[in-house]
Amino acid sequence: MSDLLLNVSDLNTYYGVIHALKNISMEVKKGTIVSVIGANGAGKSTFLKTLIGLLKAKTGKIEYNGEDITKLSTHEIVRKYSVSLVPERRQLFGPLSVLDNLKLGTYKFSGRGREVKIKVNLNRVYKLFPVLKERANQKAETLSGGEQQMVVIGRALMADPELLLLDEPSLGLAPFFVQMIFNTLVELRRKGLTIILVEQNARLALKISDYAVVLETGKITLKGSSLELLKDEKL
Ligand code: ATP
């Protein structure tokens with residue numbers, strides 16, 4: 001069996017005439033963290049949205065565990081392939097409780113299986129983020145930024161992902177929470193999860209990832225092991 005979870009080749013994505021992703025090729029090995037680094041507007045979010053089918057690539061191929069998923073809908077990708085996205089700027093259901101937000105992460109399961117998933121996965125999320133158990137009945141919009149980021153990550157984990165896509169989890173957070181979130185990502189990798197981490201904070205992302213690509217105006221301009229890139233002066 002291959003150790004490759006994701007194989008992206010020659011991906012091109014457009015917004016009308018705007019060519020947002022240009023010939024993106026990269027591989028993601030199982031159980032690794034891969035960082036996608038770049039400035040505002042480089043195409044990082046577009047890349048994640050294309051991977052999960054929210055945007056359709058005009059050309060190119062996305063293979064997940066050797067299967068071509070390029071043309072699949074988000075719905076199919078999430079159901080069949082266990083991919084979860086943690087969107088940028090924390091998109092929570094503010095008036096709902098923390099618990100209800102977390103439960104929403106299990107929507108792809110049905111019947112009795114869903115109840116079991118809620119119980120088991122909720123326990124896992126509470127272990128990872130004990131503060132969410134204390135705040136279970138509090139409205140999500142009343143939490144601090146760092147706590148809200150935990151809810152969004154928790155919600156993604158409730159779906160039992162094999163691949164977790166994170167869009168700028170450090171954005172706008174106090175250093176304490178950033179460190180905490182990044183420590184959690186390391187812990188999740190240790191448990192076998194594969195992670196694609198989109199970040200503007202290059203140094204931080206490189207410190208915890210195994211491999212990284214640098215995006216500039218839609219193109220990959222640098223790629224390599226995170227250790228190598230940490231030493232790269234161009235970065
Ligand atoms: P940020 O960190 O600011 O979110 P990013 O690296 O994630 O930046 P993208 O959001 O992927 O960048 O945007 C890539 C390019 O595509 C930018 O030039 C942006 O203006 C453009 N773009 C993004 N969304 C749209 C859209 N809905 N319609 C048209 N152009 C868009």
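Order of listing sets the numbers, starting from 1, for every ligand and every atom in it. Keep in mind that what you see is a predicted model, and the values were worked out from it rather than measured. Only heavy atoms go into these numbers, but all of them, side chains included; no hydrogens, no water, no symmetry mates.
Test Ser170, Ser209, Ser35 against Glu199 for side chain to side chain donor-acceptor pair (under 3.5 Å) and you get one pass: Ser170. Between Pro161 and the options Leu193, Val78, Val83, a side chain to side chain contact (heavy atoms under 4.5 Å, CB included) holds for only Leu193.
For Glu187 and Asn183, the side-chain atoms include no donor-acceptor pair closer than 3.5 Å.
The 4.0 Å heavy-atom shell around ligand 1 contains residues Tyr15, Ile18, Ala20, Ala39, Asn40, Gly41, Ala42, Gly43, Lys44, Ser45, Thr46, Glu88, Glu168, Gln200, ordered by chain and number.
Using cut-offs of 30° and 60° for the angle between ring planes, the Tyr81 and Tyr64 rings count as perpendicular.
Ion pairing between a basic and an acidic side chain is recognised when a charged N comes within 4.0 Å of a carboxylate O; Lys139 and Asp100 show no such pairing.
For the atom pair Leu171 CG and Gln149 CD, the distance stands at 8.5 Å (nearest 0.5 Å).
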